[in-house]
Amino acid sequence: MSMFFSLLVFYAKQMLKSFLYLGTFLFMVIMLFFRFVIRQNDFFGYTNYGNFVGEMTLIVQAVMLLFMIFFYKLFSDEYKFGANNLFVGSFRITLFKITALFCNHLLFLVVLIGFQIALIFFFYRTWEIPFSSFYTQTVSYVIVYWFLPFVLAFFLGIFTALLFGKNKISFVFMMVVWLAIGPMNTELFSRYFRQFSFSDVESLFYIGPLNINDVFEDVVGYNLSLSTYMKIFFWIVLAIMAVFAAVLKTTRTVPEKLIIIMMIVFLLIGNSVIFPKIFEGGKLAFSYADYDQESLYYKTRKATIHPDTLQYSIQGYDIQLDARNGTKAKTKVILDEIQNPTLSFVLYHFFDVKKVTDKEGQNLPFTQKGDFVVVERTANDPTDELTFYYQMKNSSHLPVSSNYLYLPNYFSWIPMKAKHPPFDFDYFTNEGTIDLSMQTKEPVHYTLSFKGDVPFYTNLPRNKEGEYSGEVSGGITVVAGMFLKKQIDEWEIVYPNDWQDITENWPIFQSYLIQAHKKLVDMFQIQDMELPKKIIFLNPTWETNAYLSSDHLLFQTHTLYSIASPYTLVNMPEVLLKALLWNYDKREFSSYEQIVAFNQLLTYLIRNELELEMLNSYYFHTYLPEHFEEYDQETQRAVRHIYEELFQLSDEEKKQFLLLWYKEMDKVSDSWVKTEKLFQEFKEGRR
């Protein structure tokens with residue numbers, strides 16, 4: 001062992017004297033400071049601090065390559081001068097040298113990464129981010145995406161030295177390997193890798209985040225899972241196997257060769273165990289491929305439901321959620337006014353219904369076709385209690401797991417009465433989906449129980465630990481995972497736990513929110529739509545929308561800015577009006593294009609009245625629909641005429657036309673020519 005300790009001390013001195021090795025450490029620390037300074041002096045008011053560690057990905061990529069080069073040079077230099085042949089038993093010495101180098105590298109990495117984690121925590125406290133699981137998950141992110149790639153870099157550098165010795169081709173080899181499996185490939189070939197789901201074998205070839213600007217999502221947290229750990233471990237074990245295979249050339253005896261072969265076989269078995277786990281449990285909130293696949297599902301599937309099967313009313317729900325091992329739901333639906341033995345419900349198709357029972361506990365036959373569950377009743381009573389047992393599966397649109405839940409009030413995460421699925425394909429942009437709200441103004445009594453090990457929130461009043469109940473119109477929201485709750489005067493605010501403490505910023509947003517709500521309610525004479533005192537700022541699904549319940553407002557703005565930033569405030573009216581005007585609207589629209597244009601025009605007026613003029617520099621008439629040039633000549637003429645004439649009206653006249661347009665939207669949404677005719681009738685005083 002004295003030889004090993006001598007090698008340990010010798011290589012420690014070599015590494016500490018190396019400008020390349022120490023310079024790489026120093027470079028990373030300096031760049032971390034730069035990122036902190038840039039964020040600290042940010043003019044725009046960014047608040048997505050969960051993505052701060054993702055901003056260092058490019059630096060991590062460079063550091064990984066530099067470590068590969070350092071260890072290659074250090075080890076290959078000895079082979080160049082024949083130092084490995086100066087001692088008897090070069091096989092044993094080679095293993096000692098690799099082990100000594102690795103122990104030193106691990107020690108220095110622990111010190112470096114530990115120091116950087118301490119700096120990051122210091123930065124977070126400087127930014128007034130409250131202590132929560134966010135801090136511990138940040139450590140996990142740094143280990144997976146910073147620390148372990150540097151460990152991999154060590155073995156790749158050693159393997160290159162053993163394979164090529166002192167040869168220029170080795171630099172080409174390291175560059176190819178770095179581009180193939182290093183964090184860099186997701187930047188250079190992002191369009192390619194975004195085609196693949198985490199369950200695809202191609203995902204094995206990226207060990208970095210798919211998007212360095214989106215490594216953290218509300219409620220879900222970082223893009224961390226068992227699969228991310230297994231992936232980097234797989235490559236590390238494979239690199240160690242390659243090192244052992246290369247060391248074979250230093251063996252002299254059969255026992256030495258057998259030892260190496262046994263080690264390779266042992267590692268191969270380990271990787272065989274690891275390999276299947278790489279493709280399990282990925283967080284689909286970060287999967288572009290799964291999001292696109294879900295959108296395509298709604299583009300190709302035109303599900304319908306027979307109106308006779310909706311002849312019933314829902315009086316209440318008794319919901320039991322168990323998120324301790326997977327996520328299971330047992331939901332009792334209390335029904336009244338049943339007029340048909342066959343009943344249809346909308347339940348998200350990612351949720352697998354196991355069985356349905358009646359109030360007597362008898363199993364009922366049912367079919368689950370996409371987002372519709374059709375139940376055949378055996379009783380003829382006008383009242384019943386149907387209990388649905390189903391497994392909730394994670395999806396890119398609705399994050400659900402043992403570690404996080406996002407079950408918003410507008411979504412069919414419980415069996416709901418509706419004649420449409422939860423999504424429609426967005427033919428306007430020809431990509432993504434449009435949420436079709438399931439909200440209803442009828443009050444419903446909810447009872448909810450939750451069993452799980454993560455922070456939990458619902459808008460229902462709590463009866464006792466884990467049990468909630470109350471009467472609500474507009475549905476209930478359930479979230480569990482990475483968020484914080486803050487009580488500010490009479491307001492209860494739920495927000496992502498990577499945000500700063502919102503105490504200082506909330507009064508600014510609150511003031512504009514109250515004003516915008518009042519102006520919209522007064523303008524459209526909206527009844528029973530008061531602004532509740534519970535506000536939820538969460539958006540793990542990339543949506544910009546708002547949904548109003550009788551006791552809470554779910555405000556989803558996928559913004560990088562704080563709630564007091566002018567960039568957030570200027571967009572707030574457009575988000576809020578969706579909750580007030582559209583998400584309770586049960587009319588059917590042929591196209592959503594005119595709704596988008598309507599929202600933009602109305603938002604412009606509300607912004608001006610609230611004096612939110614920053615970033616509102618676009619003139620009223622420039623809000624022409626997208627793809628304008630793709631219209632036929634008649635439609636182009638109609639759109640241009642509407643916008644040019646509308647711009648000439650006073651603000652009050654613009655409001656009057658928007659009121660008329662909103663009222664007639666379901667009749668004119670399929671044709672801009674119809675809207676032009678409506679506008680002409682308005683100008684002539686006939687409407």
Side-chain angles (χ1 to χ4, degrees), residues 297-298 301-322 326-393 398 400 407 409-423 436-450 460 467-476 478 584 586 588:
Y297 173 90
Y298 286 100
R301 190 180 186 91
K302 297 297 179 184
T304 58
I305 193 167
H306 199 286
D308 290 348
T309 62
L310 295 175
Q311 295 179 342
Y312 62 88
S313 63
I314 296 177
Q315 300 300 312
Y317 289 95
D318 183 358
I319 308 163
Q320 298 178 32
L321 294 176
D322 189 339
T327 308
K328 302 178 183 67
K330 176 184 175 183
T331 301
K332 180 189 294 183
V333 188
I334 302 170
L335 303 173
D336 196 4
E337 301 175 358
I338 303 173
Q339 302 178 33
N340 196 308
T342 303
L343 304 179
S344 294
F345 301 86
V346 178
L347 184 67
Y348 189 37
H349 67 272
F350 261 84
F351 299 165
D352 185 18
V353 179
K354 303 299 183 182
K355 66 176 180 177
V356 180
T357 62
D358 60 15
K359 61 183 176 183
E360 304 298 332
Q362 299 298 315
N363 288 348
L364 298 178
F366 71 93
T367 56
Q368 186 173 14
K369 298 179 180 179
D371 294 298
F372 297 123
V373 180
V374 181
V375 181
E376 301 290 343
R377 295 176 64 236
T378 55
N380 295 318
D381 295 341
T383 62
D384 207 341
E385 296 177 359
L386 301 186
T387 303
F388 294 75
Y389 300 79
Y390 49 98
Q391 180 79 35
M392 289 182 162
K393 297 180 181 178
L398 204 66
V400 173
L407 306 173
N409 61 315
Y410 64 90
F411 201 81
S412 55
W413 61 272
I414 53 178
M416 304 187 78
K417 178 183 176 182
K419 58 183 178 180
H420 57 77
F423 294 109
L436 301 179
S437 175
M438 302 285 170
Q439 289 195 298
T440 173
K441 287 188 176 181
E442 288 79 25
V444 175
H445 188 272
Y446 295 88
T447 300
L448 171 70
S449 67
F450 175 77
L460 293 176
E467 294 188 9
Y468 310 80
S469 66
E471 189 171 277
V472 177
S473 63
I476 64 170
V478 169
Y584 279 111
K586 299 305 178 185
E588 294 185 2

Review point. Going by atom types only, do Tyr298 and Asp371 share a side-chain donor-acceptor pair under 3.5 Å?
Key: yes
Q) Do Glu385 and Thr387 have a side chain donor and acceptor closer than 3.5 Å? A) no
From the list Gln320, Gln391, Lys354, side-chain contact (heavy atoms from CB on, under 4.5 Å) with Lys328 holds only for Gln391
Under 3.5 Å: donor-acceptor pair, side chain of [X], backbone of [Y]:
X: Gln362; Y: Thr357; answer: no
X: Glu471; Y: His445; answer: no
X: Tyr410; Y: Gly475; answer: no
X: Asp381; Y: Thr383; answer: no
X: Asn409; Y: Gly474; answer: yes
X: Gln368; Y: Val353; answer: yes
X: Asp384; Y: Leu386; answer: no

Residues Ala418 and Val346: closest non-hydrogen pair is O-CG2, 3.5 Å
Nearest heavy-atom contact between Gly316 and Val444 is CA-CG1, 3.6 Å
Reported [atom1]-to-[atom2] distance for the pair [X] and [Y], which is rounded to 0.5 angstrom:
X: Asn340; Y: Glu376; atom1: CG; atom2: CD; answer: 8.5 Å
X: Gln339; Y: Ser313; atom1: CD; atom2: OG; answer: 9.0 Å
X: Phe423; Y: His349; atom1: CZ; atom2: NE2; answer: 8.5 Å
X: Ser469; Y: Leu448; atom1: OG; atom2: CG; answer: 9.5 Å
X: Leu364; Y: Asp358; atom1: CG; atom2: CG; answer: 4.5 Å

Between [Y] and [X], is there a side-chain heavy-atom distance shorter than 4.5 Å?
X: Leu343; Y: Arg377; value: yes
X: Tyr446; Y: Ile414; value: yes
X: Phe372; Y: Ser344; value: no
X: His306; Y: Thr342; value: no
X: Met438; Y: His420; value: yes
X: Ile334; Y: Asp318; value: no

Six-ring centre of Tyr389, Lys355 cation under 6.0 angstrom, axis tolerance 45°:
yes
Would Leu347 and Ser412 count as a side chain to side chain contact (heavy atoms under 4.5 Å, CB included) here? Give the steps.
CA-CA 5 Å; Leu347 184 67; Ser412 55; 5.6 Å; no
* To do: Under the side chain to side chain contact (heavy atoms under 4.5 Å, CB included) rule, what do Phe351 and Thr327 come out as? Steps first, then yes or no, please.
  => CA-CA 10 Å; Phe351 299 165; Thr327 308; over 6 Å; no
Inspect the surroundings of [atom1] in [X] and state if more than 12 heavy atoms from other residues, nucleotides or ligands are less than 6.0 Å away.
X: Lys419; atom1: NZ; value: no
X: Lys393; atom1: NZ; value: no
X: Lys441; atom1: NZ; value: yes

Checklist line | Residues Phe366, Phe388; criterion ring-ring contact (aromatic ring centres under 6.0 Å, His included); working and verdict | finding: CA-CA 10 Å; Phe366 71 93; Phe388 294 75; 7.9 Å; no
Exercise for review: Dump the intermediate steps for side chain to side chain contact (heavy atoms under 4.5 Å, CB included) on Val478 and Tyr468, then the final yes or no.
Suggested key: CA-CA 11 Å; Val478 169; Tyr468 310 80; over 6 Å; no
Just do the side chain to side chain contact (heavy atoms under 4.5 Å, CB included) check on Tyr317 and Thr331 with the steps written out, would you? CA-CA 7 Å; Tyr317 289 95; Thr331 301; 3.8 Å; yes
For Tyr584, the ring pair (Phe, Tyr, Trp, His ring centres under 6.0 Å) test, sequence neighbours excluded, returns none
| message | Apply ring-ring contact (aromatic ring centres under 6.0 Å, His included) to residues Tyr390 and Tyr348 and explain how you reach the verdict. | response | CA-CA 11 Å; Tyr390 49 98; Tyr348 189 37; over 10 Å; no
